Amino acid sequence: MSTQVETMNAQEVAHRLVHLCREGKNAEAINELYDDNIVSLEPEGAPMSGKTVGKEAVLESTNQWYNSVQELHSAYISDPLVGDSYFACTMKMDVTYKEHGRNVMNELCVFGVKDGKIVSSQFFYNTGK
């Protein structure tokens, strides 16, 4: 007797990511939904700019960001827009950073899904430069 594990499709992954982020469970979302070899891209000129490879590195980068925050005033994530194996959503955060003061950040987030896991993420936002 064989058991077959069903993998989530992009729509299911997208809704699960949004659900977890709305609950403030971003690290849990990474642990559950990201592929071990994810490639994540941030805009050049951003504080955490460039390419991050691997789930552990993405978690570390996320934790560094949270450690730089003095106060998170509000956070919003839109419903996802899904097309084939990709989905996009917008995020808006009003944050006071320990070293840089208060900032409102609007970003477009695009994710690629393969075999039920997020294999790529790319973030688009103005870096102020």
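Throughout, residue positions are numbered sequentially from 1 according to the sequence presented. Keep in mind the model is a prediction, meaning the values are calculated, not measured. Atom set for the values below is all heavy atoms of this structure, side chains included, hydrogens, waters and symmetry mates excluded.
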Any donor-acceptor N/O pair, K117 side chain to E32 backbone, under 3.5 Å: yes
Spacing of E28 atom CD and E23 atom CD [to the nearest 0.5 Å]: 8.0 Å
Would you check if V58 and T62 make a side-chain contact, meaning some heavy-atom pair closer than 4.5 Å? yes
Can you confirm whether the side chains of E42 and Y125 place a donor and an acceptor under 3.5 Å from each other? yes
If every non-hydrogen atom of A75 is compared with every non-hydrogen atom of M93, which pair is closest and at what distance? CB-CG, 4.1 Å
Partner residues of D84 under the salt bridge (charged side-chain N to carboxylate O under 4.0 Å, His left out) criterion, sequence neighbours left out: none
Residue pair A88 / V110: nearest heavy atoms and the distance that separates them: CB-CG2, 4.2 Å
Does any N or O in the side chain of T90 come within less than 3.5 Å of the main-chain N or O of L108, such that one atom is a donor and the other an acceptor? no
Taking V39's backbone N and O only, do any of them form a donor-acceptor pair with S120's side chain (distance below 3.5 Å, no angle check)? no
Take atom OH of Y86 as the centre, draw a 6.0 Å sphere, and report whether it contains more than 12 heavy atoms from other residues, nucleotides or ligands. no
Ring pair (Phe, Tyr, Trp, His ring centres under 6.0 Å) against F87, all qualifying residues, sequence neighbours excluded: F111
To the nearest 0.5 Å, atom CZ of R22 lies from atom CG of D79 at 4.5 Å
If I take atom CG from residue L41 and atom CD from residue Q122, how far apart are they, to the nearest 0.5 angstrom? 5.0 Å
Write down the atom of V82, the atom of A10, and the distance for their closest heavy-atom approach. CG1-CB, 4.0 Å
Minimum heavy-atom separation for C89 to P80, with atom names? CB-CA, 4.3 Å
Between V104 and L72, is there a shared hydrophobic cluster once you connect ILVMFWY residues whose side-chain heavy atoms come closer than 4.5 Å? no
Ignoring hydrogens and angles, state whether a donor on the side chain of S61 or T52 is under 3.5 Å from an acceptor on the partner side chain. no
Which distance, rounded to the nearest 0.5 Å, do you find between the CD of E12 and the CG of L17? 14.0 Å
Within a strict 4.5 Å, meaning less than it, do heavy atoms of the V95 and W65 side chains meet? yes
Check this for me: K98, atom NZ, are more than 12 non-hydrogen atoms of other residues, nucleotides or ligands nearer than 6.0 Å? yes
Rounded to the nearest 0.5 angstrom, the NE2-OG distance for H100 and S68 is 7.0 Å
In chain order, what residues pass the salt bridge (charged side-chain N to carboxylate O under 4.0 Å, His left out) check against E56, with sequence neighbours excluded? none
Supply the atom-to-atom distance M91 CE to N26 CG, rounded to the nearest 0.5 angstrom. 6.5 Å
Could you check whether any side-chain heavy atom of S40 comes within less than 4.5 Å of a side-chain heavy atom of F123, counting everything from C-beta outward? yes
Pair V69, T96 - check side chain to side chain contact (heavy atoms under 4.5 Å, CB included), show working. CA-CA 6 Å; V69 172; T96 298; over 6 Å; no
Correct closest heavy-atom pair for L20 and A29 would be CD1-CA, 3.6 Å
Indicate, with yes or no, if I30 and M8 share a hydrophobic cluster defined by side-chain heavy-atom contacts under 4.5 Å among Ile, Leu, Val, Met, Phe, Trp and Tyr. yes
How far apart are the C-alpha atoms of I38 and V119, what are their side-chain angles, what is the distance that settles it, and do they pass the side chain to side chain contact (heavy atoms under 4.5 Å, CB included) test? CA-CA 4 Å; I38 183 167; V119 295; 5.8 Å; no
Option passing side-chain contact (heavy atoms from CB on, under 4.5 Å) with K55 (candidates D35, I118, D36, L33): D36
Look at atom CD of E71 and say whether more than 12 heavy atoms of other residues, nucleotides or ligands are closer to it than 6.0 Å. yes
